Amino acid sequence: MPSPLALLATAVLVLTVAGAVAAVRRYRSLARELHARSVAQAAAAERARLADDLHDALGHRLARLALRASALAVTGVPDAADLRREADDAVQDLHRVVDVLRDDTLEPVEDLVRAARAVGLDVTLTGAEGDGAGAPLLRTVVREGLTNAVRHAPAEPVQIDITPRGVTVLNRLAAAGARPDDGREPFGLDSLERRVRAAGGMLSHGERDGSFVLVVSLPARPVAPDGDLPLPPSALRVFVRQALLPAAVVVTGLVLAYSWAAHDAVLDEDVFAGIVVGQERAAVEAELPEREAPLRPVRAPAAEPGWDCAIYTDGNFPLAMATLQICFDGDEVVRTVDLRERSWL
């Protein structure tokens, strides 16, 4: 019958190997998961960037083109009305294609206002954009407000107020009969709101006192936009966190448990081997540890009435199990038992 220590060592070895195999499988699974996630994030970022480029490069310019076509139609230029309708259709088609609105390379607010005025829009600007981290998002908000003004009420004045905490774009509503009824959804505002919220700000819009009001509050330090996706943790870092760190905790726990179990309880094997039945108790006790081993998974033989038995450990790792028993009857040794030779009961 194998000794208890041999069985314990085998069990520990099996558990260690099984843990290592599980850790390797977990590492490979996490590596595949992180790779797939990284590819998906990169693809999503690229799609968003492409959508941004389409909307930002064409949307505002098409709106200006529509306004120019309207001005030409007023002067009686042939086919100007058709040109306006085609420009409106192009804007609508563009809005169906893109689903986000982000671009950090916009013209300054002053240039956006100047361009809007050049096509006939009455724009009043108060405040300045500054050069902080929120400037790109501020420009996006102003541009979207101007684009919507050009599209829905090109003949009405626009008021833009910029403060350190945000921006307000106010556009007087066109008369009911003059408003375009094209059934468009507020695509730009929806995507703009997503971007503002992603940066830690707030956006609200709606009609107020005969005007359409767009209000955006911006944080002092906008967070990175969703397009700038953070890199996922490396597979090695995940392996360390998921496998090595728990293993280190277990090993540390075993070491601490061993230190507690073996402290002042280890009996040297040579000393134990030199103890014989009939030896004087006083001479033996002088060489015994100060305390008995606390962990006793192996049952020791029952003591006879009147015997005084103590059990110690030989220092076996990792449990420092009690393995060496010495029994006294009066002033002499009556029994020594090596529990390592006993089977589990």
Side-chain angles (χ1 to χ4, degrees), residues 52 55-68 70-71 91 95 100-176 178-180 184 186-225:
D52 289 346
H55 186 283
D56 296 337
L58 299 178
H60 197 53
R61 295 182 181 276
L62 287 173
R64 293 181 191 174
L65 177 60
L67 182 60
R68 288 182 179 273
S70 296
V91 172
H95 285 174
V100 291
L101 178 60
R102 285 204 314 266
D103 188 3
D104 295 339
T105 58
L106 293 177
E107 305 167 83
V109 169
E110 290 78 5
D111 291 345
L112 292 172
V113 171
R114 188 179 301 111
R117 288 170 177 166
V119 296
L121 203 62
D122 181 8
V123 184
T124 301
L125 173 65
T126 59
E129 67 175 58
D131 56 358
L137 186 53
L138 178 66
R139 297 171 184 175
T140 302
V141 173
V142 171
R143 184 190 57 189
E144 184 60 32
L146 291 174
T147 300
N148 287 331
V150 169
R151 183 180 304 128
H152 298 294
E156 302 299 330
V158 179
Q159 175 69 40
I160 302 174
D161 298 319
I162 299 176
T163 68
R165 298 303 303 272
V167 58
T168 300
V169 181
L170 186 147
N171 179 215
R172 188 178 302 164
L173 293 174
R179 298 182 192 178
R184 295 191 185 98
F187 172 88
L189 292 179
D190 287 345
S191 58
L192 179 60
E193 183 174 8
R194 288 194 294 272
R195 183 178 181 188
V196 169
R197 290 185 180 276
M202 296 292 294
L203 182 147
S204 62
H205 60 83
E207 296 185 12
R208 183 194 307 166
D209 299 330
S211 299
F212 183 84
V213 182
L214 171 63
V215 180
V216 175
S217 61
L218 301 176
R221 293 184 178 181
V223 299

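Just so you know, these numbers come straight off a predicted model, no measurement behind them.
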Check your understanding: Mind checking whether Leu138 and Val216 have side chains closer than 4.5 Å, heavy atoms only?
Key -> no
Point to revise | side-chain hydrogen bond (donor to acceptor under 3.5 Å, both in side chains): pairs with one or both residues in residues 117-126, sequence neighbours excluded | key: Thr126-Asp161
Study note, to complete from the structure: When every non-hydrogen atom of Val196 is compared with those of Ser217, the smallest separation belongs to CG1-O, 4.3 Å
Practice item. Sort out for me which residue in Thr140, Leu146, Val141 forms a side-chain contact (heavy atoms from CB on, under 4.5 Å) with Arg143. Key: Thr140
**Study point:** Minimum-distance pair of heavy atoms, taken over all atoms of Ala128 and Ile162
**Key:** O-CG2, 3.3 Å
Exercise for review: With the side chain counted from C-beta on, respond yes when Leu173 and Glu156 share a heavy-atom pair under 4.5 Å apart, and no when they do not.
Suggested key: no
Point to revise | Full working for side-chain contact (heavy atoms from CB on, under 4.5 Å) between Leu214 and Val167 | key: CA-CA 8 Å; Leu214 171 63; Val167 58; over 6 Å; no
Check your understanding: Should the pair Arg197-Glu193 be classified as a salt bridge under the 4.0 Å nitrogen-to-oxygen rule?
Key -> yes
Exercise for review: Sequence neighbours left out, what passes side-chain contact (heavy atoms from CB on, under 4.5 Å) with Leu170? Give chain and number order.
Suggested key: Gln159, Ser211, Val213
Practice item. Could you tell me whether the side chain of Ile160 reaches within less than 4.5 Å of the side chain of Val113, counting heavy atoms only? Key: yes
Exercise for review: Report the C-alpha distance between Asn148 and Asn171 in whole Å, list the side-chain angles of each, state the deciding distance to 0.1 Å, and finish with yes or no for side-chain contact (heavy atoms from CB on, under 4.5 Å).
Suggested key: CA-CA 9 Å; Asn148 287 331; Asn171 179 215; over 6 Å; no
